[in-house]
**Student:** 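My structure is below; once you've seen it, I'll send some questions.
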Protein chains: 2
Amino acid sequence: MHKLLTTVLAALLLAVSPGSASAATHPVAAPADEDGYNLWLRYQPLAPPAQAKLKGQARSIVLTAAATPTTRAAVAELQRGVAGMGGGPAPAQATAIADGALVLGTTASLPALDAALKTELSRLGSEGYLLRATRLQGRPVTLIAANTDIGLLYGAFAWLRATAAGTAPVAASSPKLQLRLLNHWDNLDRHVERGYAGASIWDWWALPEITDSRYTDYARANASLGINGTVLNNVNSKPEVLTPAYIAKAAAVADVLRPYGIKVFLSARFSTPLELKETDTADPLSPAVQAWWKKKADEIYRTIPDFGGFLVKANSEGQPGPQDYHRSHADGANMLAAALAPHHGIVMWRAFVYAPEAGKETDRARQAYEEFKPLDGKFAANVMVQVKNGAIDFQPREPFHPLFGAMPNTPLMMEFQITKEYLGFSTDIAYLGTMFEEVLESDTMQGAGKGPTVAQIIEGAHTLGGQPAATGMAGVANIGVDRNWTGHHFDQANWYAFGRLAWNPQASARAIAIEWAAQTFGNDARVTTPVVDMLMLSREAVVDYMTPLGLHHMMGTAHHHGPAPWVNDLERPDWNPVYYHRAARDGIGFDRTASGTNALEQYAPALARLYADPRTTPEKYLLWFHHLPWTYAMPSGRTLWAEIIHHYDRGVAAARDLQTRWDALRGVVDARRHAEVAQRLRRQVQNAQLWRNACIAYFQSVSGLPLPDGVAPPPQPLEYYKGIHFPYAPGRG
Amino acid sequence: MHKLLTTVLAALLLAVSPGSASAATHPVAAPADEDGYNLWLRYQPLAPPAQAKLKGQARSIVLTAAATPTTRAAVAELQRGVAGMGGGPAPAQATAIADGALVLGTTASLPALDAALKTELSRLGSEGYLLRATRLQGRPVTLIAANTDIGLLYGAFAWLRATAAGTAPVAASSPKLQLRLLNHWDNLDRHVERGYAGASIWDWWALPEITDSRYTDYARANASLGINGTVLNNVNSKPEVLTPAYIAKAAAVADVLRPYGIKVFLSARFSTPLELKETDTADPLSPAVQAWWKKKADEIYRTIPDFGGFLVKANSEGQPGPQDYHRSHADGANMLAAALAPHHGIVMWRAFVYAPEAGKETDRARQAYEEFKPLDGKFAANVMVQVKNGAIDFQPREPFHPLFGAMPNTPLMMEFQITKEYLGFSTDIAYLGTMFEEVLESDTMQGAGKGPTVAQIIEGAHTLGGQPAATGMAGVANIGVDRNWTGHHFDQANWYAFGRLAWNPQASARAIAIEWAAQTFGNDARVTTPVVDMLMLSREAVVDYMTPLGLHHMMGTAHHHGPAPWVNDLERPDWNPVYYHRAARDGIGFDRTASGTNALEQYAPALARLYADPRTTPEKYLLWFHHLPWTYAMPSGRTLWAEIIHHYDRGVAAARDLQTRWDALRGVVDARRHAEVAQRLRRQVQNAQLWRNACIAYFQSVSGLPLPDGVAPPPQPLEYYKGIHFPYAPGRG
């Protein structure tokens, strides 16, 4: 501890006096300490050649479009970025276009723009941008052009991103999805459900008079990725959020976010009017209820003219909903949609439902499909159905949700979880870019030949008979008041990857990792190469040491941390790990083929056929779909029993590998962030070992089989692992 | 909002790039933005003449004593401070004493020290220090001398404080109290009971592997004031905190704090062994229970060799305690004390108790005295009884607690509340230095003539027949994860004032305000004079607009925010505001004289005589002790009814005055802190108005009297104020 303390002390000394003092007292060459607050928008000085180039591209900044809060934010960001990365003063804002100017403008504000660029620009829509080294009025300039103010802001961020990452700016870009949203599961008391980065950044008590300057930095970070909406409160919502006092609070946040193109949404509790005692039912077909919601929507829009709409979790896990009145999800969603429609608001209705009756024996994986598929085509035009990536619940790995591709007449919105409820909270590194990518590139096999992929489904081309459909992606935020926003510095990459994939669901997780690493730790291959390698191996490591080969939902009760495969005494069958792994003397795995629950039938026939046979089922999903004997022969030549153990051991080795790779970066990464990540990696290795030992001990108690040769036995008996509890684990629901 | 936004944006631009960039883009003369994280240890550049002087005093730093974690921290702090305030490089650490050296040493390490200084030093004890411009080896030096490492660290901070504040360093100082402790009411899930600055800084989940660098800055801040202990967890404690996993977590914190002279203590739940199922009773006279606690103490000290001891809330507000087994508080405290004694640990046993039986009609103000006075002299030597400043519960104003001076055979420790549970949370400015001072300088009249004051009582001179007694002061912390630690920048002053008064309970609140303001906003009279004026008037403002003239406990149920004088339906009589103000058609106030509950008899006879008559009762305590007719003639010539209204109006005017004074500092204080305080002042004025209007409306409904001429009627009817609720108010217990 004392050694650590010394490190921390030295780090602090460097951190607090960023001026000449630290340089003098600590004549080390190591990078100056950073606390992570600036995320990927650090704008640290580039290497001299890149600085020279940058200065040549941004001698001045010329805004030809009107000065608005949004264009002013773009100019300010460019000034900040160029000053920081260039290591000099910020370029002045000028009105005349001169050599080396950085010019922002629209077709209207740049009448001299050449015809080809105008045409190109016209195809980029209301949020796209174009970046180009070109000539204006005969002068060589760097052009950021767009059709709108927000396009200019996005373009500015894109240019800064390329500059920081040392890559060529993309020539042009526009988002493939319309709605790119964060979902905050943040309660009004600032507890964040499944939050592992401290309390909510939304200080409802202080609002509306007191707005934290952090809100602006939140907006900047999100705008830099193209995120254009945020649901401020938990899907497990409370009626008070729709009272005038809270609408005023939400409006104050909306005012801060608006210049950055971010709309505010709220999670609405279906029974709100009833619970506020303003109606005597919440039945969606009641005229009084319909009138209440219309009036409420009008009230909200008077205060927040660009309010986005409602996110609703209904008839799921005890939340109220239309089924309480024997109405359908469509009845409920459409009633709210009717209230919002005059204001162009939308309803995002979650498909995460499972039977509320305890004891009803069914396969939870089937239920969302069973409830929603029959409603396809029955939702109002301003309703989107928001579907989790998999049919269970944000596991380290799940096959894609069978609803994707199964509701061609309903716009489906993807719901990813950025916060790592089941993947080691904010102590374990697990880059989710690869997980999101794996889901998005999954082939639904719904088409005649190959495709469409899940990404193509949510992009809407295959929905509504090819008519333009609403499109979107939501990510359950991993943001809290921790200084670095996400608890773990590496968890910033998951926020980043979500945003980039929401802009382009077909983007590459590796490419995103590379640009994140370069912006976050500096464009230096000595750092970015190992960091990218760490990111790319990290999620598979977590799958290996927690739930390999298609196993799922074996985490500790309620808090979802640590191994608990033995739990079998919870009220509902489908809350118990034993329900999911079905380990017994005869084998392990959940039979979802025709001989079991036949959840497989919810996928396209071609895919269902493929997965019906364990030999043609991808190994990573094997025990998701099949119950197999422990002695089942794996392609590796190992038995299933040995293969499972092999994966656990591989997971622990990978966790140690992460640690080794990071240790090698001591002195290359700044001391503070290095120490903070190193502390967490120590915890991750412990967590990996605990999972490995507990699961092997437990499964051995079930299989009755000896450990394969060379496998280290768990150092403690099973009862020891069963006795480990995590009181006061964060993020409880 | 947009104007505010612009301010915030500008502020951020300045804040994020502290180098040349901001200077270039914002060529304003305003001070650079600060976020408050550095508290009073900002070490900003002094004015040129002061800088020159500083540099002359600290050309080098010479540590003659051994390098230990504590002396290294002292040297590091001096280097940081001199570099920051001097605006240049940090002075090098040298071994040879040269002209202008800043020398740290002890009598042993400075054999050449002259005899007079040696003698002076010998009187300063184990924590005192001496600061002197003197000669060593014939060289003019600045000497920081002490008898111990921690004395040197305290001396270093004292010298830096004087330098920053532009005052002459105190020649010598040593603490008047032995224990100077923060009490964190922080739960293991990071909720802070009565916390208004975000979640707990103690991240129990992350500990012990992950130690936030903030812990070190916490230690620095506290050491700078001489705080030498901290109770990490809430007095409403949980059994888990004494399990091995949590002891390891506390040990990790202790390791970080140790170099700064800060010991870790824990709040112990009396029923811990029973609740952990390791005994079958918690009876303090049970040998099994006694053995459990002895073993537990041994276990703790193996991990934390300098563990401070236990703080205990027993048989109070539902907490378990010895009375559950028909044992006395002394039985309970002494049992724990016996377990800790071999390790030199102590028990701090809280006197905040009130009858747990609902419906029992008594005066809550009497109860602590009634329970504890008979136990005087019955506590073990390593027990201290910790007494709140007043007999009710941390009200904006209370007369001093009658136990002070009433237990001459028991060391009493003062418990102040730094967090503003009843004084407007962290949105209203209320400098508590004046409140603490008012309590400490109160004359108990227990002596033959005048005195002793409460300060003298807790300094121990009048305890145990003048034998050396344990002494101490505890403050319920106002610290959370908010960037500026305390939510409101001005609340930093309350942490500061507590620490300074714990070092010297007879210090002046104004002098403390002056030195805090100079360190926090810069040694510039244009800022410090108005800031000190604001501090000095602020607490009286809160008393005026909340509970003037001795009124108390009229705050909203449970969360204690906002006016609720009408509440009369809570289970226990003494939870209801009506119990305390007793407003009726005949008058208002709580008769605690002989004609009432006679709580007055608990004070010394001379004082009780004085307060028995409303004419000789200080006006500020009038309605605390007397029930008087609305028409009672006040010394001002007003009726009591008019006087109450006058105070409410004066309180609102004072809140507006705070706002006006602060507005005048725009451009003089940095923009970020200015805006953040300005937002909160807006809220404070609203809160003052709400209190004023609600209380006048309510009291008028009771008195039936017309408003005096010229008084503005409350703009809304009483029912309106009764309908205001504060759902999700922070800090609930």
Side-chain angles (χ1 to χ4, degrees), chain A residues 1-2 4-5 8-9 11-13 15-25 38 43 69 72-73 76 79-80 83-84 88-90 187-190 198-199 204-206 209-211 213-214 216-217 240 252 255-256 259 425 427 481-483 672 676 679-680 682-683 686 727-730, chain B residues 1-2 4-5 8-9 11-13 15-25 38 43 69 72-73 76 79-80 83-84 88-90 187-191 198-199 204-206 209-211 213 216-217 240 252 255-256 259 425 427 481-483 672 676 679-680 682-683 686 727-730:
Chain A
M1 183 54 61
H2 280 297
L4 175 64
L5 181 72
V8 171
L9 270 173
L12 277 163
L13 267 164
V16 175
S17 306
S20 50
S22 56
T25 51
N38 290 329
Y43 305 137
R72 274 196 295 263
Q79 288 184 311
R80 184 204 302 243
N187 293 343
L188 302 182
D189 65 0
R190 298 188 79 176
W204 291 100
W205 173 253
E209 295 86 1
I210 300 165
T211 53
S213 60
R214 188 161 199 151
T216 307
D217 289 324
E240 290 89 349
D255 287 342
V256 178
F425 292 8
T427 32
V481 296
D482 277 5
R483 183 63 183 163
R672 175 169 172 164
E676 289 173 351
Q679 291 185 330
R680 282 160 182 78
R682 193 145 52 114
R683 183 84 156 235
Q686 288 172 16
Y728 310 107
Chain B
M1 185 51 62
H2 281 296
L4 174 63
L5 181 72
V8 172
L9 270 174
L12 277 164
L13 268 165
V16 175
S17 307
S20 50
S22 57
T25 52
N38 290 330
Y43 304 136
R72 275 196 294 264
Q79 288 185 310
R80 183 203 306 242
N187 294 342
L188 302 183
D189 65 0
R190 299 187 76 175
H191 174 74
W204 291 100
W205 173 255
E209 293 87 1
I210 301 165
T211 52
S213 59
T216 308
D217 290 324
E240 290 89 350
D255 287 341
V256 177
F425 292 4
T427 33
V481 296
D482 276 6
R483 185 62 183 163
R672 176 170 172 162
E676 288 173 352
Q679 289 185 332
R680 283 161 182 76
R682 192 144 54 111
R683 183 83 157 236
Q686 289 172 16
Y728 309 107

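Chain identifiers are assigned alphabetically (A, B, ...) following the order of the sequence lines, protein sequences preceding nucleic acid strands; residue numbering begins at 1 within each chain.
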**Student:** Tell me, for A:Tyr43 versus chain B, whether the close heavy atoms (under 4.5 Å) come from the side chain, the backbone, both or neither.
**Tutor:** neither
**Student:** Which bit of B:Trp205 is near chain A, if near means a heavy-atom gap under 4.5 Å: side chain, backbone, both or neither?
**Tutor:** both
**Student:** For the candidates B:Arg483, B:Gln686, B:His191, B:Glu676, which exhibits the highest count of non-hydrogen atom pairs separated by less than 4.5 Å from chain A?
**Tutor:** B:Arg483
**Student:** Against chain A, work out which of B:Tyr728, B:Phe425, B:Trp204 has the most heavy-atom pairs shorter than 4.5 Å and name it.
**Tutor:** B:Tyr728
**Student:** Within the distance-only criterion (no hydrogens, no angle test), does the side chain of B:Arg190 pair as donor or acceptor with the backbone N or O of A:Gly198 below 3.5 angstrom?
**Tutor:** no
**Student:** Heavy atoms only: give me the nearest A:Ala206-B:Arg683 pair and the separation to one decimal.
**Tutor:** O-NH1, 2.6 Å
**Student:** I need the minimum non-hydrogen distance between A:Thr211 and B:Gln679, along with the two atoms involved.
**Tutor:** OG1-NE2, 3.1 Å
